[in-house]
Amino acid sequence: MILLFITSSLLLFVGVRIFKWVRNYLQARSYGLPIILLPVSFNEPLWMVFRPLFAWVEYLPFGLGNWYLYTTMGWPTEDGSRSLRRYGENLVLCSPVDNIIATCEPAVVQKVWTETRDIWRMPESQSQLFTFFGQNVSSTHGEDWKRHRKVTVQAFNERTMVGVWSEAKRQTKALKLTLEKERERSLGRVRSTFDILAMQVLAVVAFGQETELTSVPKGHKMSLMESMGFILKHVLLTVVFNSLQAPAFLLPSVLRKLKVSVAEVRLYMEELVLAHMKSTSKPSVLRTRPASLIEAIVSANELEKRGDSSGKPRSYLTDSELYGNIFVFNLGGYETTAATLTFALPFLALHPEIQTWIAEEIDTHAKTHASGKDEESDLGYNDVYPRLLRTRALMYETLRFASPAPLFVKTPLVPVNIDVTTPSGPRTISVKPGTLMGMNQYGAHLSPRWGSDAETFNPKRFISVDEEGEERFQMPEGPAYTAWMIGPRMCPARKFSQVEFAGIMAELLKDWRVEIVREGGESEGEARERVNKVLRDEKYFNVSAHLRRPEVAGVRFVRRS
């Protein structure tokens, strides 16, 4: 009887999924776009957990497992431009759960992601991923999103940028590159180096914690560095298992530590917010540093509270919403900085002419010589950062190849007509509520619309020269560039990341150049091909771009003459 019940339930489950799959397929056919059939969708939570167990599917003969790639939210990172070349700028991922129109066509991207009317929503399967500390600016919509945005955007002011610049340079100076043994690093060690550096910058700029980051204060079980770092390195596990209610002794060690880390970070945020509240209630004192990100957000929130009047919608953030926003900004700042630098350095080593071009700019603007002396003195944020156009171009070009790019999806609240390019020509399709539009960021970034050198690393594409010979930073017209998203929901911490990147690169390249590490008796050409292959073929997505085998390639820092 039990076997019959199990069999019947399984048949019913399979039958319902097949029915929904056929229904979605018929809808997908009406679009006139290439269709990829998927037995599961990356929007199914259980599949996110068990997907690694089915990795063997990808290696089935005759292309039978080709669908496996598209069942992870980060498939564009691994795919690069392959789907673009095979299917065109628009395709449909058809599963029993949903239809996802994946697009990298600039006009379609503009239509969906720059729409100012509140008719497109991110489904909860994506918007609620990082809400375990509270709702935040990336998880909310409509009036709630405007409320979050109004408070949080005030934290990213020029005073914050001064702090980011100086702390990024200070932490870079501490990398100990003057020691011979520290100058040669695998890309795995490069990543861990910048993981730590980014966490140190965030600890000071975001948390205002200038004490030893590895110390464990009274009342805590872990340091801020260890607890925040552990969450950020295991963020997808946190997403899946944070709400799991089970005795600690039943959990594997990584989940036990994860739960402790989440509790510790929450306690640190509560203490820091409380400390700031107490300090603002006392007579003002002379500040020795810019306000931290937490202090700036809390101050902006308190202004909203004082200006709030009864009868109007609440304009301030609750405590959990404060913590939710503080966490997502730290998540973005940590992952994107470390990932971008991990890719930027080998790209520079592979392109010494680009490295020289950027170093020239840094020599001109990022340091000055005392009159009649050889000593160098650093210039500040306001003097230097606005002039580092080539350095900013380096970041943009690196992110063109290595973006933190899952397939961001949205669905309309009402039917919306969209003009798309199909294999048979232009066509207008109706996208109904429930159908998802997904942005294939890598397809957009590597599209032939960038020119014949679309898949060649060339930061100079972002620099133009006017009639007077002055350089200008300029986005090329035609292709879509979405490293920080686009439209109203563009990342509010975009400049934070750019200033941090520029500060680190300016400090590094004023004294050092980067070279590829050769292995064994390989030639320069063989070493370049090996590193190129790692950067091109071994990317995968885990909040940002990572490398599957970062230890097989490395860079060496050589002091500039």
Quiz item: Under 6.0 Å between ring centres, would you say that holds for Phe132 and Phe327?
Solution: yes

Quiz item: For the residue pair His445 and Phe401, is the inter-centroid distance of their aromatic rings smaller than 6.0 Å?
Solution: no

Exercise. Verify side chain to side chain contact (heavy atoms under 4.5 Å, CB included) between Leu399 and Phe343, making sure each step is shown before the conclusion.
Key: CA-CA 9 Å; Leu399 286 170; Phe343 282 88; over 6 Å; no

Thinking salt bridges, do [X] and [Y] make one under a 4.0 Å N-O criterion?
X: Asp363; Y: Lys510; result: no
X: Lys181; Y: Glu184; result: no
X: Lys257; Y: Glu226; result: yes
X: Lys169; Y: Glu167; result: no

How far apart are the closest heavy atoms of [X] and [Y], and which atoms are they?
X: Ile516; Y: Pro346; result: CD1-O, 4.3 Å
X: Pro448; Y: Leu84; result: CD-CD2, 3.9 Å
X: Thr336; Y: Pro404; result: CG2-CG, 3.9 Å
X: Asn440; Y: Pro76; result: OD1-CB, 3.5 Å
X: Ile354; Y: Lys460; result: CD1-CE, 4.1 Å
X: Ala155; Y: Ile297; result: CB-CG1, 3.5 Å

Quiz item: Can you list the steps and then say if Leu509 with Leu348 is a side chain to side chain contact (heavy atoms under 4.5 Å, CB included)?
Solution: CA-CA 10 Å; Leu509 297 185; Leu348 285 176; 4.0 Å; yes

Check whether the side chains of [X] and [Y] place a donor and an acceptor atom closer than 3.5 Å, and report yes or no.
X: His148; Y: Asn136; answer: no
X: Tyr540; Y: Thr72; answer: no
X: Thr391; Y: Glu361; answer: yes
X: Ser192; Y: Asp195; answer: no
X: Glu360; Y: His365; answer: no
X: Ser464; Y: Gln474; answer: yes

Exercise. Go through Arg392 and Arg390 one step at a time and tell me if the side chain to side chain contact (heavy atoms under 4.5 Å, CB included) criterion holds.
Key: CA-CA 5 Å; Arg392 193 192 316 173; Arg390 297 178 182 181; over 6 Å; no

Exercise. Measure the acute angle between the ring planes of Phe156 and Phe329, then classify it against the limits of 30° and 60° as parallel, tilted or perpendicular.
Key: perpendicular

Exercise. For Asp537, enumerate each residue passing the salt bridge (charged side-chain N to carboxylate O under 4.0 Å, His left out) test, keeping only those at least two apart in sequence or located in another chain.
Key: Lys533

Exercise. Using salt bridge (charged side-chain N to carboxylate O under 4.0 Å, His left out) as the criterion, list what pairs up with Arg461, not counting sequence neighbours.
Key: Glu397, Asp453

Practice problem: Give every residue pair that meets the salt bridge (charged side-chain N to carboxylate O under 4.0 Å, His left out) criterion with at least one member in residues 441-452, sequence neighbours excluded. | Solution: Glu89-Arg449

Practice problem: Start with the C-alpha gap between Glu271 and Arg266, add the side-chain angles, then the distance that decides, and say whether salt bridge (charged side-chain N to carboxylate O under 4.0 Å, His left out) holds. | Solution: CA-CA 9 Å; Glu271 290 172 346; Arg266 186 185 300 277; over 6 Å; no

Taking [X] for its side chain and [Y] for its backbone only, find out whether a donor-acceptor pair lies under 3.5 Å.
X: Thr172; Y: Ala168; result: yes
X: Glu538; Y: Leu535; result: no
X: Arg489; Y: Ile486; result: no

Quiz item: With sequence neighbours left out, what residues match Phe408 under ring-ring contact (aromatic ring centres under 6.0 Å, His included)?
Solution: none

Quiz prompt | Which residues share a ring-ring contact (aromatic ring centres under 6.0 Å, His included) with Phe194, sequence neighbours left out | solution = none

Practice problem: Step by step, work out the ring pair (Phe, Tyr, Trp, His ring centres under 6.0 Å) result for Tyr68 and Phe54. | Solution: CA-CA 8 Å; Tyr68 180 80; Phe54 295 87; 8.0 Å; no

Supply the atom-to-atom distance [X] [atom1] to [Y] [atom2], rounded to the nearest 0.5 angstrom.
X: Met228; Y: Ser261; atom1: CE; atom2: OG; answer: 10.5 Å
X: Thr482; Y: Met439; atom1: OG1; atom2: CE; answer: 4.5 Å
X: Arg400; Y: Trp450; atom1: CZ; atom2: CH2; answer: 5.5 Å
X: Leu177; Y: Arg556; atom1: CG; atom2: CZ; answer: 13.0 Å
X: Ser81; Y: Tyr442; atom1: OG; atom2: OH; answer: 11.5 Å
X: Leu345; Y: Arg191; atom1: CG; atom2: CZ; answer: 12.5 Å

Self-check item: Criterion salt bridge (charged side-chain N to carboxylate O under 4.0 Å, His left out) on Glu264 and Lys221, from CA distance to verdict
Solution: CA-CA 7 Å; Glu264 284 291 295; Lys221 300 176 182 178; over 6 Å; no

Practice problem: Assess whether salt bridge (charged side-chain N to carboxylate O under 4.0 Å, His left out) is satisfied between Lys539 and Glu78, documenting all intermediate values. | Solution: CA-CA 6 Å; Lys539 292 195 300 289; Glu78 299 178 43; over 6 Å; no

Quiz item: With a cut-off of under 6.0 Å to the ring centre and 45° to the axis, is Arg559 in cation-pi contact with Trp512?
Solution: yes

Quiz item: Would Arg183 count as a cation-pi partner of Phe557, with NZ or CZ less than 6.0 Å from the six-membered ring centre and within 45° of the ring normal?
Solution: no

Self-check item: Intermediate values then yes/no, side chain to side chain contact (heavy atoms under 4.5 Å, CB included), Val260 and Met222
Solution: CA-CA 8 Å; Val260 173; Met222 302 170 67; 3.6 Å; yes

Could you give the side-chain donor-acceptor pairs of residues 493-500 under 3.5 Å, partners two or more places apart or in another chain?
{"from": "Lys495", "atom 1": "NZ", "to": "Glu158", "atom 2": "OE2", "distance (Å)": "2.9"}
{"from": "Lys495", "atom 1": "NZ", "to": "Tyr381", "atom 2": "OH", "distance (Å)": "3.1"}
{"from": "Ser497", "atom 1": "OG", "to": "Trp484", "atom 2": "NE1", "distance (Å)": "3.1"}
{"from": "Ser497", "atom 1": "OG", "to": "Arg494", "atom 2": "O", "distance (Å)": "2.7"}
{"from": "Gln498", "atom 1": "OE1", "to": "Tyr385", "atom 2": "OH", "distance (Å)": "3.4"}
{"from": "Gln498", "atom 1": "NE2", "to": "Tyr396", "atom 2": "OH", "distance (Å)": "3.1"}
{"from": "Glu500", "atom 1": "OE1", "to": "Thr337", "atom 2": "OG1", "distance (Å)": "3.1"}

Quiz prompt | Test applied, side chain to side chain contact (heavy atoms under 4.5 Å, CB included); reference residue, Gln171; option that passes from Ile196, Leu197, Ile504 | solution = Leu197

Quiz prompt | Stepwise salt bridge (charged side-chain N to carboxylate O under 4.0 Å, His left out) test for Glu507 and Arg170 | solution = CA-CA 9 Å; Glu507 190 61 39; Arg170 187 172 76 89; over 6 Å; no

